[in-house]
There are 2 protein chains.
Amino acid sequence: MILKSQVEWALHCCAILAGLPDGSYLSTKALAELHGLPKEYLSKALQSLSQASLVETTLGPSGGYRLARPSSEISFLDIVEAVEGKARSFTCTNIRENNPCRPAGYCDSKPCAVARVMWEADEAWRNTLRRVRLSDLVDTLSEEVPPDIWRSTFEWVLKRAG
Amino acid sequence: MILKSQVEWALHCCAILAGLPDGSYLSTKALAELHGLPKEYLSKALQSLSQASLVETTLGPSGGYRLARPSSEISFLDIVEAVEGKARSFTCTNIRENNPCRPAGYCDSKPCAVARVMWEADEAWRNTLRRVRLSDLVDTLSEEVPPDIWRSTFEWVLKRAG
DNA sequence: GAATTAAGGATATATGTTATCCGCGAATGG
DNA sequence: CCATTCGCGGATAACATATATCCTTAATTC
Ligand code: FES
Ligand code: FES
């Protein structure tokens, strides 16, 4: 069980978009250069964010992406699910139905106890991600990233934002 | 992010092994028939359990698998990690190092804030699985599975256990 | 009109999952 | 001793998914 690397990309890109001034956009090209990522493939991740209505886009020169909502109203889970999908990590294939001792046509009243535990763990994972807002991440980063790097990064970004 | 189907298989097999009388073994063949699974491939999952020292094996006719510890001392996490591996679901590829605004040779003091949140969620998932014991599963199943199916299943199993 | 952009389709490659087959050595039962 | 039954590990193939690139289209800017 491994998450796509696109998850890391999308989270970092959203953190950058959260720091943009209102009304300006940042292009895939800039985000790819900033993070050293393949532009074409990063574009797929950003499209996922767009389809999930987490970001808005505009075309043409000075076009690109911006957040569709304030960063305090976007959770880690929103971003992770946009890229990774909302499907649960554990899928029950109902192997209990193959038990040869079962009467034919017997129908279970509940989902399997095994699956319920696995789904509970999945929910715990999602709840953790649900509780962390994008704005929390930006707060943490602005504390931890050395001020000169933080500043020069946003100068770099603003130079390319439309 | 999706778990292997072997996880479902291993958990169900362990639940059966937990119901075996002391000292007896159950073969891959029996476990595969009981759950309608490909014998050869299920064998790989059981080998993983064996390598993790969750089960003990013996060879020859009347050989097979049994739990290496009481079911109250085996957690869901033990079983899931045996099959799925202990690696975290999120791997940080350090894309922050590619920031062109970074001074060359700058070294981060902490893991990235993004990764820390993802790892925290991973821990929440593992903690949920850690808290559930195999014996808890057996208790739940013995309550929920209709008594006649439960009984005939173990008759079926005992007939094949060595 | 020329340049730039996001979007989406097609395609290729790498990796991981699922599955099967085989041979080995150990244990059992006759 | 011998045939059978096992777990174990290696090799291999089929299939799905993740990663990556390329191309076309339509919208936007200047
Ligand atoms: S049958 Fe699917 S988890 Fe039990
Ligand atoms: S650099 Fe890997 S999660 Fe931030």
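Here is the naming used below: chain letters follow the sequence lines, and residue numbers restart at 1 for every chain. Just the heavy atoms: all of them, side chains too, but no hydrogens, waters or symmetry mates, feed the values below.
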*Linking I/L/V/M/F/W/Y whenever any side-chain heavy atoms sit under 4.5 Å apart, do A/L49 and A/V138 land together?*
yes
*Which value, rounded to the nearest 0.5 Å, describes the distance between B/D148 atom CG and A/R102 atom CZ?*
11.0 Å
*asked:* Restricting to non-hydrogen atoms, name the atom on B/C101 and the atom on A/W156 that form the minimum distance, rounded to 0.1 Å.
replied: SG-CB, 3.4 Å
*Take the C1' atoms of the five end pairs on each side of the helix from C/dG1-D/dC30 to C/dG30-D/dC1, get both axes, and report the angle to 10 degrees.*
10°
*Verify the contact: side-chain N or O of A/T57 to OP1 or OP2 of C/dA7, cut-off strictly under 4.0 Å; return yes or no.*
yes
_Taking any heavy-atom pair under 4.0 Å as a contact, classify B/G64: base, sugar-phosphate, or nothing._
sugar-phosphate
*For the side chain of B/S50 and the backbone of B/L46, is there at least one donor-acceptor N/O pair under 3.5 Å apart?*
no
*Under 3.5 Å donor-acceptor, B/R116 side chain and B/P111 backbone*: yes
*Using the closest heavy atom to pick a nucleotide of DNA chain C for each, name whichever of A/I2 or B/P38 lands nearer the 5' end.*
A/I2
_Pairs meeting criterion ring pair (Phe, Tyr, Trp, His ring centres under 6.0 Å) with involvement of residues 32-88 of chain A, two or more places apart_ = A/W9-A/Y41, A/H12-A/H35
*asked:* Can you measure B/L3 atom CG to C/dG16 atom P for me and round it to whole angstrom units?
replied: 16 Å
*Could you give the distance from CG (A/L31) to SG (A/C13), rounded to the nearest 0.5 Å?*
4.5 Å
_Can you measure A/K39 atom NZ to C/dT4 atom P for me and round it to whole angstrom units?_
11 Å
*Any donor-acceptor pair under 3.5 Å linking the side chain of A/R66 with the backbone of A/T58?*
no
_Nearest-Å distance for atom pair NZ/C1', residues A/K4 and C/dT15_ = 14 Å
*asked:* Can a donor-acceptor pair be found, under 3.5 Å and without considering hydrogens, that links the side chain of B/D78 to the backbone of B/S75?
replied: yes
*Atom CD of A/E33 to atom P of C/dT5: distance rounded to whole Å?*
10 Å
*Measure across A/L129 and B/M118 and return the closest heavy-atom pair with its distance rounded to 0.1 Å.*
CD2-SD, 3.9 Å
_Can you measure B/E40 atom CD to D/dG9 atom C1' for me and round it to whole angstrom units?_
13 Å
*In terms of hydrophobic clustering (I, L, V, M, F, W, Y; side-chain heavy atoms under 4.5 Å; direct or indirect links), are A/I2 and B/I95 co-clustered?*
no
_Nucleic acid contacts - residues 79-100 of chain B versus DNA chain D, non-hydrogen atoms under 4.0 Å_ = none
*asked:* Please find the pair of heavy atoms, one from B/L137 and one from B/L11, that lie closest to each other, and give the distance.
replied: CD2-O, 4.2 Å
*asked:* I'd like to know if the side chain of A/T153 reaches the main chain of A/I149, judged simply by a donor and an acceptor atom lying under 3.5 Å from each other, with no hydrogens or angles considered.
replied: yes
*asked:* Measure CG/A/L31 against C1'/C/dA6 and give the value in whole Å, please.
replied: 13 Å
*If only atom types and distance count, is the side chain of B/R126 paired as donor or acceptor with the main-chain N or O of B/E81 below 3.5 Å?*
no
*asked:* Using whole Å, what does the distance between atom P of nucleotide D/dT21 and atom CD of A/Q6 come to?
replied: 13 Å
*Where do A/S72 and A/R133 come nearest, in terms of heavy atoms and distance?*
O-CD, 3.2 Å
*Which residues, if any, of residues 42-56 of chain A bring a heavy atom under 4.0 Å of DNA chain C?*
A/K44, A/Q47, A/S50, A/Q51
*asked:* Between B/E8 and A/T93 (side chain of the first, backbone of the second, donor and acceptor by atom type, cut-off under 3.5 Å), is there such a pair?
replied: yes
_Among residues 8-25 of chain B, which ones have heavy-atom contacts with DNA chain D below 4.0 Å?_
none
Between the protein and nucleotides 3-5 of chain D, list every N/O to N/O distance that falls short of 3.5 Å.
unit_1 : atom_1 : unit_2 : atom_2 : d
D/dT5  : O2     : B/P61  : N      : 3.4

*Give the rounded distance in Å between these two atoms: OH of B/Y41 and P of D/dG9.*
16 Å
*Report yes if a side-chain nitrogen or oxygen of A/T28 is closer than 4.0 Å to either non-bridging phosphate oxygen (OP1 or OP2) of C/dA6; otherwise report no.*
yes
*For residues B/R160 and B/K29, determine if any side-chain heavy atom of one lies less than 4.5 Å from a side-chain heavy atom of the other.*
no
